[in-house]
Amino acid sequence: MIRIALACSFLTALVAQEPETIVESTQPEAIEMGAGSHRFAWVAGWGTTADGKDIGNTHGCVVVDAAGHVYANTDTEDAVRIYDRDGHLLRTWGKDWKGGLHGMTLVREGEKEFLYLAHTARHEVAKATLAGEVLWTLGAPAEAGVYDDAAKFKPTSVAVADNGDIYVADGYGQSWIHQFDKDRAYVRSFGGRGKEPGKLQTPHGIWIDRRVEPHVLVVCDRENHRLQLFDLDGKHLRVLDTEVRRPCNVCAYGDDVAVADLCGRVSLFDKEWKVITHLGDNPDQKQWANNGVPRAKWRDGVFIAPHGAAFDADGNLYVLDWVAAGRISKLARR
């Protein structure tokens, strides 16, 4: 019995001396960003092509429909690319919209959803189905009296109010906001080029803030480096010029607002327009608003030139960077 006990003790000692096997994870560590309850994880490789090819210049917007499908613009014949929530490409359309499909807003009307599009090169806005069937188009409003040439109308963004009124930002043209009723009859224009409150310099993106009553129109007054608020009759209300660099577009999830800022970050604001946190802030100012940054210099967790952003129903955030090769990123809400 003593010999058996000694043998067992010897074997136990040998097992204890064997080196521990360490299995290294092949999964990259998730990059997290944000603050407090507003934290996100960068989803590496979201929306990339299987062959690694470029998708084309992403100079437009991104929106999410009720089914969770993500719609993003490029300047190619695939002017609208539709992905599932995991980044798999489902389909594309838009051959006739190549080169200038800049603004895209998703609007729910009854039980259906539609896309309102702004095309800078075609000098028009349009309403289309999610499949790309154009229902109507709208060009430069002669009634505004500000266009001696319709080609100077270069709309960049569209917003639609609950009563059906349509607001069009002539962001790359004469810096006016034009308002039409639900039947596309001209109502008024406001803004115009300038630096004083109420005037605009590249009203790049517009968005109706439904978090407050009455609703207000938020304008990304990009080249004045500020946001401006107007009531829905065009009366100027407020200037917001802190914590933004060159704001491009706005989206919301609950009471939180995300501002896609061309200078290398997305900023989150609360209902009172107080900054919550900045996401993906790029420390390299040479990359800010730089369309030519090559893929080799992209870094996960860091934006280059956020041009559009959209939340899905779960609060995940999709961001479209203005880069020639084309870049769409997903931030998964934690």
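Each residue takes its place number in the sequence, starting with 1.
- Under the rule for a salt bridge (Lys or Arg N to Asp or Glu O under 4.0 Å), the partners of Glu109 that lie at least two apart in sequence or sit in another chain are Lys127.
- Residues meeting the salt bridge (Lys or Arg N to Asp or Glu O under 4.0 Å) test with Asp233, sequence neighbours left out: Arg188.
- Asp221 and Gln201 share no donor-acceptor pair across their side chains, judged by distance under 3.5 Å alone.
- Here Glu111 pairs with Arg108 in a salt bridge; the nearest charged N to carboxylate O distance falls below 4.0 Å.
- For Gln174, the side chain to side chain contact (heavy atoms under 4.5 Å, CB included) partners two or more places apart in sequence, or in a different chain, are Tyr147, Lys152, Asp170, Trp176, Arg193.
- A cation-pi geometry, defined here as NZ or CZ lying under 6.0 Å from the six-membered ring centre and within 45° of its normal, holds between Arg211 and Trp273.
- When Lys199, Arg246, Arg245 are each tested for a salt bridge (charged side-chain N to carboxylate O under 4.0 Å, His left out) with Glu223, only one passes: Arg246.
- In terms of the side chain to side chain donor-acceptor pair (under 3.5 Å) criterion, Arg85 has no residue partners (sequence neighbours excluded).
- For the pair Arg226 and Asp241, the salt-bridge criterion is not met [side-chain N within less than 4.0 Å of a carboxylate O].
- Residue Val187 is found outside any hydrophobic cluster, as its side-chain heavy atoms come under 4.5 Å of no other Ile, Leu, Val, Met, Phe, Trp or Tyr.
- Both Trp97 and Leu90 sit in one connected hydrophobic cluster of ILVMFWY residues. Membership requires side-chain heavy atoms under 4.5 Å apart, directly or through other members.
- A search for side chain to side chain donor-acceptor pair (under 3.5 Å) contacts involving Asn291 returns Asn57, not counting sequence neighbours.
- For Glu243, there are no salt bridge (Lys or Arg N to Asp or Glu O under 4.0 Å) partners two or more places apart in sequence or in a different chain.
- Remark: Thr58 pairs with Ile55, Thr74, Leu320, Val323, Ile328 by the side chain to side chain contact (heavy atoms under 4.5 Å, CB included) rule, at least two apart or across chains.
- Considering only residues two or more places apart in sequence or on other chains, Arg184 meets the salt bridge (Lys or Arg N to Asp or Glu O under 4.0 Å) condition with none of them.
- Remark: Thr49 pairs with Asp51 by the side chain to side chain donor-acceptor pair (under 3.5 Å) rule, at least two apart or across chains.
- Every residue meeting the side chain to side chain donor-acceptor pair (under 3.5 Å) condition with Asp256, not counting sequence neighbours, appears here in chain and number order: His38.
- The pair Lys274-Glu272 fails the salt-bridge criterion, with no side-chain N (NZ, NE, NH1 or NH2) lying under 4.0 Å from an Asp/Glu carboxylate O.
- Side-chain atoms of Tyr186 and Ser189 include a donor-acceptor pair closer than 3.5 Å.
- Not less than 6.0 angstrom separates the ring centroid of Phe153 from the ring centroid of His123.
- Between the side chain of Glu113 and the backbone N or O of Ala66 there is at least one donor-acceptor pair closer than 3.5 Å.
- No side-chain donor from either of Thr156 and His204 sits under 3.5 Å from a side-chain acceptor of the other.
- Interatomic distance, CD of Gln228 versus CG of Leu240, reported as 8.5 Å (0.5 Å rounding).
- Two rings, from His102 and Tyr172, have their centers less than 6.0 Å apart.
- Contacts classified as ring-ring contact (aromatic ring centres under 6.0 Å, His included) and involving residues 245-264 (residues at least two apart or in different chains) are given here: Tyr253-Phe311.
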